[in-house]
Amino acid sequence: MPTTSSQKNSVYNHPIEVEKFLAQNEELVSEEKMGLQNTEKALLNILDDYSEEKIHSEDSQRALLNILDDYSEEKINLENTQRAVLNILEDYSEAKEKAEESTKLKEAFLANMSHEIRTPMNAIIGFSDILSKGKLEEKEKEYIRIIKSAGENLLTIINDILDISKIEAGMMTFEEHTFSVKDIFKSLNVMLMGKAKEKGLELLFICDEDVPDSLLGDPTRLTQIIINLAGNAIKFTQKGEIIVRAKVLKKEKEDTLLEFSVKDTGIGIPADKIQHIFERFRQAESHTTRKYGGTGLGLSIAKQLVELQGGKLSVTSEFKSGSMFVFNIPYKKSIEVLHETEDTGEKFNMDELRKLNILLVEDNQLNVKLILSLFSEYGLVLQVAENGSVGIEKLRENKFDIVLMDMEMPVMNGYEAATIIRNEMKNSIPIIAMTAHAMAGEKERCLSLGMNDYISKPINANLLFEKIYDLTLNIMITDRSGKIIANVCDLKYLTEMMGGKKHLIKGIMDAFLTQIPEELNSISEAIINANYASIKNFAHTMKSSVSIMGITMLTPVLQEMEALALTAMNIEKIKELNQELTLICHLALEEVEKDRENFV
């Protein structure tokens with residue numbers, strides 16, 4: 001507390017009070033001093049804390065800088081990794097494009113090779129057949145036989161190469177048809193017996209009794225496998241026998257596992273070579289090709305055909321004593337009963353074929369001369385057009401019953417010509433595609449363009465006559481119950497709906513003639529691409545089109561096609577239905593084209 005002036009005067013007058021006053025002041029000074037010291041200590045503590053915080057802050061800053069440095073390094077590493085990945089993806093994309101381009105070039109090369117070789121082969125084998133039917137000396141007949149045999153051997157090599165190409169491209173397809181193993185064995189016995197007899201060999205086909213009479217699978221591929229194995233057995237056997245046998249390995253409610261074996265008494269396979277026997281271009285010994293011929297592709301193809309059907313192929317052999325090839329394939333049981341029919345020989349009536357006016361569209365003069373020679377021998381009427389453009393002009397000017405259409409021609413090829421005939425001319429004349437291409441998808445491509453059938457070169461004369469007969473003279477339309485139907489279309493519903501007004505009926509008929517070829521092309525293209533959603537949509541759309549024209553027999557066909565497309569299964573069955581659909585639609589187009597004249 002501060003001292004007043006009067007207090008001071010009073011203190012000075014009393015010594016004792018002076019001492020008290022001094023003591024009080026000293027005490028106050030001491031307290032003030034202690035407070036100051038405490039404040040100094042507090043300040044020092046604050047300074048110490050600040051220094052520590054500053055040090056910690058500097059450490060934090062350094063740590064943060066280190067983290068930022070690490071982040072920068074990681075970011076740089078990540079960017080480098082991303083660039084590396086992008087480079088890898090670019091390299092992969094380039095490599096993929098090159099591989100795809102290489103595959104396309106390979107397919108184009110094989111297709112061209114097939115076309116260029118099959119075209120002259122068609123002439124060689126075809127003219128050999130014509131010459132063999134003439135009056136020849138025995139020596140001349142032998143020469144013709146050798147020429148034809150050499151041509152067929154070359155054709156086998158071409159087919160092997162094409163099969164390998166199809167397998168590599170993943171385009172080897174397997175169909176499902178009802179067949180009989182016993183019937184296949186009978187056909188194979190007839191086919192191979194001649195070669196076996198030439199070498200004095202006994203050829204036996206044995207089918208165990210418990211093998212089902214009707215199975216569901218691909219009989220063509222089974223035949224190909226057995227021909228390959230049995231053909232090899234005949235080739236490499238000098239004396240003794242070849243036994244081909246079929247037996248049941250396993251039977252279940254719906255499936256049957258069959259085992260086929262081909263056993264011979266031939267040259268056998270050395271033990272150190274047997275593991276390589278299924279490799280491409282490999283044969284047991286280097287001199288085998290020179291002595292026996294062949295490419296070394298047959299066994300590789302047979303093995304892959306078996307495996308693609310869910311089976312296995314193996315071999316056991318003893319050198320110089322013989323070999324046995326064994327393979328198994330699972331097949332489904334078929335509910336369809338096969339009726340054994342007698343071979344009636346030719347499946348066409350030549351007298352009826354002579355009444356037809358046939359147009360051949362072909363540019364290759366060898367093939368033209370071959371077909372002209374073949375047809376003139378039987379008295380068939382034929383006109384020739386050297387390309388698709390000329391063929392179209394002839395169709396506009398003349399009435400023909402059927403067109404035999406080559407695919408590869410100058411000016412206008414067969415694909416373009418068929419498109420114009422179907423889409424622009426609205427002409428439903430039967431067209432048979434004759435092509436030297438044997439690549440996967442060629443048949444489907446031809447059918448998708450509206451052609452009715454397909455035959456590959458070299459041309460088999462009897463098969464060609466059968467196809468011509470079936471598409472022109474042997475057409476008998478039946479519904480699914482087997483009942484014969486006189487007309488495809490029934491215009492009763494359309495007539496009632498339009499109130500009998502001719503101009504309205506004719507308008508609907510014109511729309512049908514325009515729309516149906518387009519819908520057939522669309523559905524065929526969808527089938528080629530296995531686009532099940534489009535198949536379903538097109539089949540559903542077509543149901544209304546055909547019902548308006550009273551084509552009731554197509555309703556179950558389109559319903560089944562739509563149902564199969566919905567499950568995205570069994571494209572082979574869909575292809576069969578599409579062939580039925582295409583045939584009936586073309587007949588309907590012919591009927592509508594004729595009937596529309598009555599509604600003018």
Side-chain angles (χ1 to χ4, degrees), residues 163 166-167 170-188 205-230 244-262 301-314 325-341 440 444 478-482 527 530-533 535-536 539 555-581:
D163 276 343
K166 290 177 187 177
I167 292 169
M171 297 179 74
M172 180 63 73
T173 58
F174 296 89
E175 299 179 354
E176 280 197 349
H177 298 291
T178 300
F179 71 95
S180 163
V181 174
K182 293 182 178 73
D183 288 345
I184 288 177
F185 275 14
K186 287 177 184 177
S187 299
L188 288 171
F205 284 87
I206 301 170
C207 185
D208 286 8
E209 289 299 322
D210 59 343
V211 173
D213 291 328
S214 297
L215 292 169
L216 196 62
D218 195 326
T220 302
R221 296 303 177 192
L222 175 60
T223 300
Q224 182 180 355
I225 295 164
I226 297 174
I227 285 176
N228 209 314
L229 298 177
V244 182
R245 183 181 177 187
K247 68 177 184 179
V248 175
L249 275 187
K250 188 179 180 182
K251 259 188 180 181
E252 294 181 346
K253 188 175 181 180
E254 295 183 357
D255 300 315
T256 301
L257 182 64
L258 292 188
E259 180 184 273
F260 298 88
S261 60
V262 180
I301 292 169
K303 187 173 190 292
Q304 290 181 81
L305 289 177
V306 169
E307 290 174 351
L308 286 170
Q309 295 177 89
K312 292 181 180 179
L313 171 61
S314 60
F325 288 82
V326 179
F327 68 93
N328 59 71
I329 297 178
Y331 290 110
K332 297 176 183 176
K333 290 182 181 177
S334 175
I335 58 173
E336 184 180 341
V337 179
L338 289 175
H339 300 286
E340 196 168 329
T341 56
E444 288 75 13
T478 62
D479 61 18
R480 292 199 158 189
S481 66
I527 290 170
N531 187 335
Y532 290 101
I535 295 169
K536 175 184 172 296
T555 301
V557 174
L558 290 165
Q559 285 175 341
E560 186 176 358
M561 187 180 286
E562 188 178 359
L564 287 171
L566 189 63
T567 62
M569 291 174 63
N570 205 341
I571 194 68
E572 294 304 324
K573 180 61 178 177
I574 292 175
K575 287 178 182 178
E576 287 181 18
L577 292 169
N578 189 47
Q579 288 185 0
E580 185 178 353
L581 171 68

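As the structure is a computational prediction, the values presented were derived from the model and not from experiment.
A salt bridge is defined here as a Lys NZ or Arg NE, NH1 or NH2 lying under 4.0 Å from an Asp or Glu carboxylate O, and D255 with K333 fails to meet this definition. Ion pairing of K332 with E176 is present here, as a side-chain N (NZ or NE/NH1/NH2) and a carboxylate O approach within less than 4.0 Å.
Below 30°, between 30° and 60°, or above 60°: for Y331 and F260 the angle between ring planes is above 60°, a perpendicular geometry.
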| request: Could you give me the CA-CA distance, side-chain angles and deciding distance for E560 and K573, then say whether side chain to side chain contact (heavy atoms under 4.5 Å, CB included) is met? | output: CA-CA 10 Å; E560 186 176 358; K573 180 61 178 177; 3.3 Å; yes
| query | Is there a side-chain hydrogen bond (donor to acceptor under 3.5 Å, both in side chains) between S334 and S214 once you walk through the steps? | reply | CA-CA 5 Å; S334 175; S214 297; 5.3 Å; no
| Verdict with reasoning, N328 to L258, per side chain to side chain contact (heavy atoms under 4.5 Å, CB included) | CA-CA 5 Å; N328 59 71; L258 292 188; over 6 Å; no
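From Q579, atom CD reaches atom CG of L581 across 10.5 Å, with rounding to the nearest 0.5 Å. For the atom pair CZ (F205) and CZ (R245), the distance works out to 14.5 Å, reported to the nearest 0.5 Å. The line from CG of N578 to CD1 of I527 is 3.5 Å long, rounded to the nearest 0.5 Å. If you take CD on E580 and CE on M561, they are separated by 8.5 Å, rounding to the nearest 0.5 Å. Note that CG of L313 and CG of L305 are 10.0 Å apart. Values are rounded to the nearest 0.5 Å. Going from atom NZ of K536 over to atom CG of L566 covers 6.0 Å, rounded to the nearest 0.5 Å.
Taking the side chain as every heavy atom from C-beta outward, E259 and V326 approach each other to under 4.5 Å. When side chains are defined from C-beta on, L564 does not count as touching I571, because their heavy atoms never get closer than 4.5 Å. Annotation: side chain of F327 is in contact with side chain of L229 (closest heavy-atom distance under 4.5 Å). Looking at L222 and D218, their side chains never come closer than 4.5 Å, going by heavy atoms from C-beta outward. You'll find the side chain of P212 reaches within 4.5 Å of the side chain of V248, heavy atoms only. Using a 4.5 Å heavy-atom threshold, the side chains of I574 and Y532 count as touching. Two residues are said to be in side-chain contact when any heavy atoms from C-beta on lie closer than 4.5 Å; I206 and K247 fail this criterion. F325 is not listed as a side-chain neighbour of I225, based on a closest heavy-atom distance of 4.5 Å or more.
The nearest pair of heavy atoms linking V211 to A246 is CG2-O, 3.8 Å. Nearest heavy atoms, C207 versus K182: SG-CG, 3.7 Å. Closest approach of P330 to G311, counting heavy atoms only: CD-N, 4.3 Å. Taking all atoms of both residues into account, the shortest heavy-atom contact from V557 to L577 is CG1-O, 3.7 Å. Between G217 and F179, the shortest heavy-atom distance links the atoms N-CE2, 3.6 Å.
With T256 as the fixed residue, the side chain to side chain contact (heavy atoms under 4.5 Å, CB included) test singles out one of L215, D210, L249: L215.
The salt bridge (Lys or Arg N to Asp or Glu O under 4.0 Å) check on R221 picks up nothing, with sequence neighbours excluded.
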